[in-house]
Amino acid sequence: MSDVSTLFVHYTLLLILPPLLLGVINKTKAWFAGRRGPPLLQPYYDLLRLFRKGMVVSRTTTWVFRAGPVVTVSALLVAGSLVPSAPSTPAPLHGRPRAVRLPAGLGRFFTTAAALDTGSAFEGMGAAREVSFACLAEAALFTAFVVLVRFSGSLSLTPMLHAPMTETLQGLPAAALFLVAVALFVVLLAENARVPVDDPNTHLELTMIHEVMVLDHSGPLFGLVSYGAALKLFLLTALLLHLVLPVALGDPGSTGRSSSRACWPSPSGSASSSR
């Protein structure tokens with residue numbers, strides 16, 4: 001598959017699949033609870049319904065309130081364009097961890113700024129909780145990235161996330177990889193307001209983190225907020241699955257690995273040759 005075709009498939013899946021993942025999660029939760037649950041495509045119906053509605057905007061808000069959801073979704077799409085979809089991902093998608101997290105951080109800043117722009121103490125409390133949890137999640141995420149950089153000898157996400165597949169298992173400590181996967185899973189729960197960190201289906205004051213920041217959004221603005229939340233969940237899930245299930249979707253030889261790869265010590269103590 002050519003680079004242009006791969007890029008087209010990558011961006012198409014990035015735009016279409018996030019609500020479907022949310023539908024699968026809701027269906028699975030309902031199945032475990034012994035319920036039938038909503039249709040698998042219910043998130044798509046909800047988004048269409050929200051985009052067809054009108055907006056109610058407080059007169060105390062400024063342009064920051066309206067720009068918040070737009071900037072957040074745009075920033076997450078930029079971050080998603082840097083997350084590899086296969087080992088044979090074209091060079092434009094060989095993003096680095098910092099390049100992926102910077103747009104996501106910009107989106108979080110505008111989300112919290114939009115919450116503060118309403119002048120509501122309730123939403124301000126949610127914004128404070130959001131950035132507090134973000135400080136802890138960012139530290140855990142970058143610690144996991146440092147471990148993957150040490151494993152792969154590269155600062156590009158493609159070889160980092162596929163190090164368990166491209167390296168011999170003799171050189172990769174299984175315990176360290178397990179802890180990295182656990183850390184990414186905890187970050188996924190915290191970043192997406194999931195149990196036990198938060199519950200996206202509740203409106204109790206003591207448990208609300210993300211939902212409390214968007215109580216004043218309605219119509220298309222709330223549709224963008226919902227799509228952005230699904231997009232963030234999709235991106236973090238993709239990062240975790242790349243590490244846990246590093247399936248070769250393309251030619252593993254074209255991972256874009258740097259020629260100045262760090263040498264790995266073999267079990268016998270000798271250094272392995274650079275690839």
Side-chain angles (χ1 to χ4, degrees), residues 6 10 14 75-76 78-108 133-192 232-275:
T6 305
H10 177 88
L14 179 64
L76 289 173
V78 172
S81 67
L82 301 175
V83 175
S85 57
S88 58
T89 303
L93 297 183
H94 290 165
R96 297 192 174 191
R98 186 173 59 178
V100 173
R101 293 306 299 171
L102 283 177
L106 177 64
R108 177 182 290 109
F133 277 89
C135 293
L136 302 175
E138 291 288 341
L141 183 62
F142 275 96
T143 301
F145 282 154
V146 168
V147 176
L148 294 177
V149 169
R150 174 64 181 88
F151 282 167
S152 64
S154 173
L155 291 175
S156 178
L157 277 175
T158 302
M160 282 172 56
L161 296 175
H162 292 90
M165 178 184 62
T166 56
E167 299 293 338
T168 60
L169 294 180
Q170 295 178 350
L172 297 180
L177 283 177
F178 175 76
L179 292 177
V180 169
V182 170
L184 289 179
F185 181 68
V186 173
V187 169
L188 185 149
L189 297 178
E191 287 281 314
N192 294 280
K232 184 196 292 187
L233 177 63
F234 178 79
L235 294 179
L236 289 176
T237 304
L239 288 177
L240 179 61
L241 289 181
H242 269 295
L243 180 65
V244 177
L245 301 173
V247 180
L249 302 179
D251 181 13
S254 57
T255 56
R257 186 180 294 264
S258 173
S259 59
S260 60
R261 187 183 176 280
C263 294
W264 270 85
S266 62
S268 60
S270 60
S272 59
S273 59
S274 300
R275 295 186 180 180

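Looking at heavy atoms from C-beta onward, Asn192 lies out of side-chain contact with Thr237 at the 4.5 angstrom threshold. Taking the side chain as every heavy atom from C-beta outward, Leu177 and Phe151 approach each other to under 4.5 Å.
Heavy atoms only, all atoms of each residue included: Met160 and Ser152 are closest at CG-OG, 3.4 Å. Taking every heavy atom of both residues into account, Pro103 and Val78 meet most closely at CG-CG1, 4.0 Å. Closest non-hydrogen pair, Ala144 versus Val180, comes out as CB-CG1, 3.8 Å.
With rounding to the nearest 0.5 angstrom, the CG atom of Leu189 is 9.5 Å from the CG atom of Leu233. Atom CZ of Phe145 and atom CG of Leu155 lie 11.5 Å apart (nearest 0.5 Å). Rounding to the nearest 0.5 Å gives a distance of 5.0 Å between CZ of Arg108 and NZ of Lys232. For the atom pair CG (Leu148) and OG (Ser156), the distance works out to 12.0 Å, reported to the nearest 0.5 Å.
The local environment of CZ in Phe185 is sparse, with at most 12 non-hydrogen atoms from other residues, nucleotides or ligands closer than 6.0 Å.
Considering Leu239, Leu141, Leu236, Leu235 as possible partners of Leu188, the one that fulfils the side chain to side chain contact (heavy atoms under 4.5 Å, CB included) test is Leu236.
Of the possible polar contacts, one joining the His10 side chain to the Gly80 backbone as a donor-acceptor pair under 3.5 Å is found.
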